[in-house]
Amino acid sequence: HEGERGRDGEVKIIYWQAPSILNPYLSGGTKELEAASLIIEPLARYDTDGNLVAWLAEEVPTVANGGVSEDLKTITWKLKPGLVWSDGTPLTSEDVKFSWEYCTAEGGGCAQGEKYLDVVSVDTPDELTAVVNFSVAKPFPYGPFVGAQAPIIQKAQFADCMGPKAPECTDENFGPIGTGPFVVTDFRTNDVFTAVANENYREAGKPAFASVTFKGGGDAAAAGRAVHETGEYDYAWNLQLAPDVLAGMAEAGLGQNVAAFGTSVERILLNQTNVDPALGDQRGVIGNPHPFLTDKSVRQAMSMAIDRALLTEIGYGEFGRLTCNVLPAPAIFASDANDSCLVQDIEGAKGVLEAAGWTDTDGDGFRDKDGIKLSVLYQTSTNAVRQDYQALIKQWWEEIGVETELRNIDASVFFGSDPGSPDTFQKFFADVEMFTNNFDGTDPEAYMAGWTCDQAPQPSNQWQGNNMPRFCSEEYDALRAEMAVTGDINERARLAKAMNDILMQEYIILPLTHRGRNSAHAVSLGGVALNVWDSELWNIADWYRIPG
Amino acid sequence: MTDLTNVEMEVVEKPRSQWRDVWDQFKTHKGAVAGLSFLIFITLFAAVGPFLWDVDPGRLDIRNKDVRPIYMGLFDSSAKVSWANPMGTDNLGRDIMANIMQGGRISLAVGWTAMVLAVVLGTTIGVLAGYFKRLDGLLMRFTDLVLALPLLPLLLVMMLLFRDPLRAAFGPETGIFLLIVAGIGITSWMQTARIVRGDVMALKEREFVLAARSIGTPARRMITRHLLPNVLSPIMVSATLGLATAIITESALSFLGLGFPSDFPTWGKILFDSVDRMTSFPERVIWPGLAISLTVLAVNYIGDGLRDALDPRIRGH
Amino acid sequence: MFDGPKPLVSVKDLKMHFPIYAGFFRRRVGEVKAVDGVSFDIVEGETLGLVGESGCGKSTCGRAVLRLYDITSGSISIDDREIGATPQSDLRTMRPTMQMVFQDPQASLNPRMTVEAIIKEPLDEHTALTEAEKREKVGELMDAVGLNRKFAKRYPHAFSGGQRQRIGIARALALNPKFIVCDEPIAALDVSIQAQVVNLLEDLQEKFGLTYLFISHDLSMVRHIATRVAVMYLGKVVELAPREALYRDPLHPYTKALLSAVPEPDPSLATAKERIILQGDVPSPSNPPNGCNFCTRCPSVMDICTKVEPDYREVQPGRYTACHLYNDTAG
Amino acid sequence: MPDGALPVLDVRDLKTVFKTRGGEVHAVNDVSFELRPGELLGVVGESGSGKSVTMMSLLGLLPSPPANVRGGQVTFDGRDLLKVNPDELRSVRGAKIGFIFQDPMTSLNPVFTVGNQIMEPLRKHMGLNKREAAVRAQELLELVGIPDAARRLLDYPHQFSGGMRQRVMIAIALACDPQVLIADEPTTALDVTIQAQILELMKELRSKLGMAVIWITHDLGVIAGIADRVMVMYAGQVVEHAPVEELFQNPQHPYTRALLKTIPTISGERAARLTIIEGQPPIMMAPPNACAFRDRCDVAFERCAQENPPRYDVGHGHDAACFFDARTGVPRDV
Amino acid sequence: MLTYTLRRLLLSIPTLLFIAFVIFMLLELAPGDPMASMPLTIPPEVKEKMREALGLGRPWYVRFPLWLNQFFIVEPQYWFDQTFGTNFANGAQRIISFQSRSPVFDTIAERMPQTLWVVGMSYVVGVLIALPIGIISAYKQYSVFDQAGTFVSMIGFSVPPFFSGVLLIVVFSVQLKWLPSIYDTTHVVTGWDSFVFQLRQMVMPVMVLALQTTAQVSRYMRASMLDNLGQDYVRTARAKGMSESVVVMKHVLRNSMLPVITVIALGIPAIFGGAIITEQIFKVNGLGQLLITALQGSDIPMVMTITFLLAVLIVMMNLIADVLYGILDPRIRYD
Ligand SMILES: Nc1ncnc2c1ncn2[C@@H]1O[C@H](COP(=O)(O)OP(=O)(O)OP(=O)(O)O)[C@@H](O)[C@H]1O
Ligand SMILES: Nc1ncnc2c1ncn2[C@@H]1O[C@H](COP(=O)(O)OP(=O)(O)OP(=O)(O)O)[C@@H](O)[C@H]1O
Ligand SMILES: [Mg+2]
Ligand SMILES: [Mg+2]
């Protein structure tokens, strides 16, 4: 697979969600990030194992190589020499600085603001050096300019598009000039874009493909069909399909499924506050405890009743793994203290409930105590696999005497944070809810910080925050505070595991499946290395056509 | 002639009720009779079936998943078949027959209720607009307005505003049922309204309406007695199409993720959920697909037959 | 004007103009002068025939007299009650005194109601009889118009034209009216049936002392049934006279032409008779000619006719006409 | 009257039935008549007696189903119109036999101009091109007395009054100089003054063009003024047939007599009370095996209920289908 | 006729304004959030900033007039500027999509070709198939053809496109490999080959959509033909010696088309909005798909603009249907 640039003709990629823009700073959506990663690149990115690799930078700065200051407050990036934009102009540290300015400009609504958190300035001592200064010590200083979320954009192109003017620069947002292997030729929002090989790409002979068509829209099944069964496309992204369906498609022999595991965990959250509509504006407020989910034995029984192996097999097959942690990866953060959850134990669950005094006194098949019936409303977003999960779990819970009512809500509403809507996952006006979350990159600090008491969505904070179960534990909050000031990786791992174990052993969060990302590519497409820590298309420059 | 026959002659000629006549006329329409038979069958299947076929449609039986329908055993001896699941099971081992029955209950109920709602709304608005000239402009603009309303946001708003109160008042199932029915009903009456309005305007010029006015019949009875019976046949056509549209719209809502909760099978949803596995398990799309199509067809033929049967001119003597 | 008994119906200068809307804002740009200043009296027990060409406003006149329309102007008094300006809702109580028999027996019966229901409807609206009484009354009415009671549960389509018209008459009779407008009650019927209906109307008049306004374009039939005859042309009465006088000696040129155009069912007479063949068509009632309405077709048109509208005057005792030909002689 | 001339149209034993839900309606039963060149044959009879169906059967204009022409023969131009193929029939319709229908309001196609509708048969049967056809159409409109013909060709039917529309119908029927014109109640829907205009026009045209005409009506007055011979129909049969004066002076069939008596006249004596024909016309659900008029007849006797009377010739070109001889006042023997 | 049209046009302005208001309030009440499609890893503060940048915080009585101004004044100005090189708009803010941050009208314009090719064509095809079916069904009423027509059209009407579409794909793309299953919106027709490709990629979506159109229009056509076949003027035409084809195809058809044209015209807005599922299945990415992605992404300006345009289409089609009727039917006078 060596040869001149553009030798392999066209590669066709299908994403069943279409990118709406090619500027990742204006949309944080995965589809936009990944589409843009063909064009614009960061200084460093993660490889398939989650390790940082230098990309536009010479090397990844660390404390060891002196790139990161001892006080963890500055990080110095050195650009590879001789890099040029696709328009032929040189890439300089000014562009790096500009990318920061662009994202932090007032009124621009940058989606990646968090990446540049605590950055006070970016210095450009010379054309190839960019020094990032933080206001606080950053044990993990690889937010800015790293990964698909924080690429470098060209100052010359975007200089007039700062702040409130950002949305008006349609041409720029649809066709950013980049350093990546491809150059956009035609972008149609929410539909398709085409790009051709970047003549100025830094590596000779790459990319192998002369052009790429990036089509969006439809659904996962259709995308899978296009790769596996009709062979119209070479690469299909994120085929969230039932394993038997995927396997059936693969039988046609044109394509092949690939999977990789990141940090995504499908989980159930158990609400600790009372959401009875009768409470009016006191619904879900801390201080109104849930009538029975505050009883740990109920939560434990509900966890024990679940057959995670079966769920995973039905819903994800080989693209899902069993886990008993909400923090399953990277490996050093993964706890093994909770593995008892792996086996379903209906009888045990019944026993736990019995012991806690939850019995079926009125003979309706569901347990109760002191006039309180174990009856939960179980919500999630609309999605075939989630609905299968719901159906199975409902059956198990009802078996142990917990009445379960299912509800599924349109994703645009469920994951929205419209304070006016009662159906958002943050408001959590239900007893139980289920969704998947993960964290970017490899550092779990921000992720674990989501379950501190002050992160609980409450009316006082317009229902923002990630602690949807409204879990409050002083012990947990203390661990989180400690982690914020700990730099050592092993120590950080210990803290993260401890926090994970609290959540698990309190049964506030019931992890169900460690979800892998699975995509498919044509058997004739070589060089694909599925990456869940960064853009899936991170190495498209290395892709090639297998003759035959 | 004897006195006896004279007395008999005096008796009003009414040995048969009007409904007998309607039925007799209806019977002559072969399609209508076939349609009615099918509709009765499918209604019984959905309504009474679950009592005879006592399997919980929501019960999962993972060991018995992907069972093929019983007839598969005939030409493929290796097929996984079982008399316990004559129509097969789905990927979670739910019995398809039980689901089709339960789905039929919901689909038929949604279809009928939404259709009745749409027809009642459409007829009321059509009659009012056609009969009262003053209301005409207003009502027709209103019709335009509703025609222009997008169904999806409308349903989202309705869900937001009414789901919790309805759930509190009627329970989760009935609540969402009412919402969906109302959503479909409210967005599909416009065609009926237009047609009825046109017909009423034409009827208003007919002499028998003038005759009724010369008697002093007030507007209310003018409408119920003279206009409505005479616009019955276009209403019937709208109704048959309306039933079909309602069943299909409900399935489209499932496609868009706005339908019933996932543990509520409807024909449309069963069909939609099975499309991905269409090649390996064709029966899963055939059962609900047939149920929908044949119901629509049956209702259409019944509509034709009823239209003829309700028209005294065609019915004859 | 009248020496005889007091009129039951008295119409003065009745106008019924249907508005025509047009233009940008649906302004009223004109009107169809369907009835344009008609006056006549009908004495209790008599039959006034109203004849004229199609579209001249006969039906409109008949309907306006019964206030089925909201009239443009004029006064109508029936049975000593002025109803010209009464709102529709208040007219309800008056309806039983005045009824109508319609031109097309098919169209005037609701095809989805049984005969019994049709005849019973006025009883439902205006009486407090019990169902049984109503049914009995319907039976009596059916007897009166010569319909077999057996047929009460049939629908109109199952009857012949003549029978249908009997149903219409029975409905009109249900409330014991004093005055009936018969709007071409025989026009849609077969010749052999027409006589049946006309005889029936005459019998009923005798029996119940009815007063008719008999609208028709069949001059021979009007000659038979009417006591006095009014001839209409383009929204106006051009001549009104006692029957014998009118047929013997028509005054207005239009009446003359009309009478001469009636075919004689006798070949010897038919060839002998001298016809006046009018030229052209009736002008549009929305745009009537200046002067006399008939001036465009009149065989004896004069200059004045196209300029001045002739008065409607009594030119001989009991004979009224609107024609310049008689202005000199009488005035 | 050119009595001896060969008839242009000769109809023998025509039979037409309609298949309906309730059974077969025998609308035309063994109707026979002939039409001689240049004469006007009037056809009278009450509504439903089969006048229109007879004429439409001749030209195959009835919708089939439900209509079914069961038998008989229609000789025209040496051919039996009931047997010729559809194309040949179409070359007769409109070209050699013109047809005028009763209702001028609905018989013209509302969406085509009058000119277009007149030109259609001209172009088809006479092979005229557009221009020639337009010229001829204008002539025709002038012929039927429509002023400003050239401009009116471009008008649509609704822009014409009823009388004018009927004239247009006549113009269409006359377009190809037909040998026979069949007019099915052409004036029934019109006012008397307009009817008088049309009748006048007809007389004029006939003397000008010399075609044979069948004129259907139920108005005896019209017949009296226009016809040469008259045929009276009742219940799908010809019950009487005679030259016009003969019929009015010497009606033979009881139905004809009753009919003549029922109608009030405008100039004769005014009867105190109209004579009526009691009863209703029969429903023709079975082929006749008895006199159809017997229930309403004042001279009916047993035989009338047993046999259907044939048409008895009573001389002077007059025949009547009645067992009762009106002249002698006794039943016929044979 | 002209004044009638103008009057109706004038009257439709308040109607449309009111419709716009109702749609706006509906979307205002709808619970969607444009941030819902963002990954959960983006922290709430950042989302809040993005929301502010979209102008979401402002109350409706500010945003509605703003939208009206943009729709009725700024956008036409831009359009004018582009065509004539003037500068009326003067950099005023156009209607910007929340999702793509690009002017909504540009995106809509981008979607027009495939919408017209597929949705428009399907309507044309559907109508073209429906008319002969309706005509023959009526002419040969109760024949086998008629019965089969009824049967097939009712089945066609009742099969949801998410099923029929996938079925076609499975048969023609997967099994037979004849036709592409994914529509290429970037394809440009330049010659014969590319035209053939365009046809091939259109066949399936067009058929799925046309099935529904055909089912409905053929029913109306049949009913209308039946009405007219019984009319007196048909007999007149036959009596003139016209051949059956002239009688049916000229005299009857022209009259029967009148009501059907109205039905056809009024069906157009519905098909533009209603092709959502089919577009999704075949990834045609026309207006329907734009609307649905906008809805799912709570892209209020986009949803608002598209639904309003559809409303305009509905009102205009109503008007056109009426005017067309008046033009085609000489009996109707609107003045
Ligand atoms: N509702 C109406 N609106 C407008 N014009 C009308 C209306 N009713 C009748 N006209 C017009 O008024 C005129 C008189 O109509 P009318 O029906 O009274 O005539 P007529 O003498 O009864 O005719 P005919 O003998 O045909 O029944 C006609 O030109 C008619 O078009
Ligand atoms: N399509 C049909 N189906 C059944 N019966 C029919 C049909 N058309 C005509 N008839 C019957 O044929 C008989 C003769 O009808 P036809 O129209 O010839 O009468 P007519 O003498 O022309 O009457 P009119 O004077 O009313 O025109 C009638 O009894 C009628 O009921
Ligand atoms: Mg009238
Ligand atoms: Mg006739």
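Each chain gets a letter, A, B and so on, in the order the sequences are listed, and its residues count up from 1.
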Taking [options] one by one, which has the highest count of heavy-atom pairs under 4.5 Å against chain E?
options                                    : value
Thr170(A), Thr194(A), Leu33(A)             : Thr170(A)
Gly217(A), Ala221(A), Ala166(A)            : Gly217(A)
Ile21(A), Thr189(A), Asp191(A), Thr213(A)  : Asp191(A)
Glu229(A), Glu32(A), His228(A), Gln112(A)  : Glu229(A)
Asn466(A), Leu22(A), Val192(A), Leu26(A)   : Leu26(A)
Ala222(A), Ala226(A), Ala111(A), Gly107(A) : Ala111(A)

Choice from Arg94(E), Gln114(E), Arg111(E) maximising heavy atom contacts with chain A below 4.5 Å: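 Going by pairs under 4.5 Å, I would pick Arg111(E).
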Heavy-atom pairs under 4.5 Å with chain A, option from Glu110(E), Gln280(E), Gln99(E) with the top count: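 Going by pairs under 4.5 Å, I would pick Glu110(E).
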With a 4.5 angstrom heavy-atom cut-off, which part of [X] approaches chain E: side chain, backbone, both or neither?
X         : value
Glu232(A) : side chain
Cys110(A) : backbone
Phe435(A) : side chain
Phe174(A) : side chain
Asn23(A)  : neither
Thr436(A) : backbone
Tyr116(A) : neither
Asn190(A) : both
Arg225(A) : side chain
Ile14(A)  : side chain
Phe414(A) : neither

More than 12 heavy atoms of other groups within 6.0 Å of Glu10(A) CD: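 Yes, CD of Glu10(A) has more than 12 neighbouring heavy atoms, counting only those of other groups under 6.0 Å.
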With ring centroids as reference points, do [X] and [Y] lie under 6.0 angstrom apart?
X         : Y         : value
Phe71(E)  : Phe105(E) : yes
Phe429(A) : Trp463(A) : yes
Phe21(E)  : Trp67(E)  : no

Whether [X] side chain and [Y] backbone form a donor-acceptor pair below 3.5 Å:
X         : Y         : answer
Asp234(A) : Ala522(A) : no
Lys427(A) : Phe425(A) : no
Thr382(A) : Ile409(A) : yes
Gln464(A) : Gln462(A) : yes

Answer yes if the side chains of Ser381(A) and Asn383(A) hold a donor-acceptor pair under 3.5 Å, and no otherwise.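 The answer is no; no qualifying pair exists.
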Rounded to the nearest 0.5 Å, what separates atom [atom1] in [X] from atom [atom2] in [Y]?
X         : Y         : atom1 : atom2 : result
Lys115(A) : Gln149(A) : NZ    : CD    : 4.5 Å
Asn238(A) : Trp16(A)  : CG    : CH2   : 6.0 Å
Asn69(E)  : Arg63(E)  : CG    : CZ    : 15.0 Å
Ile292(E) : Leu287(E) : CD1   : CG    : 13.0 Å

Checking heavy atoms, do the side chain of Thr293(E), its backbone, both or neither come under 4.5 Å from chain A? side chain
Does any part of the side chain of [Y], heavy atoms only, come nearer than 4.5 Å to the side chain of [X], both counted from C-beta?
X         : Y         : value
Gln70(E)  : Ile96(E)  : no
Gln212(E) : Thr278(E) : no
Phe158(A) : Asn173(A) : yes

For chain A, which residues from residues 177-191 of chain E have at least one heavy atom closer than 4.5 Å to it?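 Interface residues of residues 177-191 of chain E: Lys177(E), Pro180(E), Ser181(E), Ile182(E), Tyr183(E), Thr185(E), Thr186(E).
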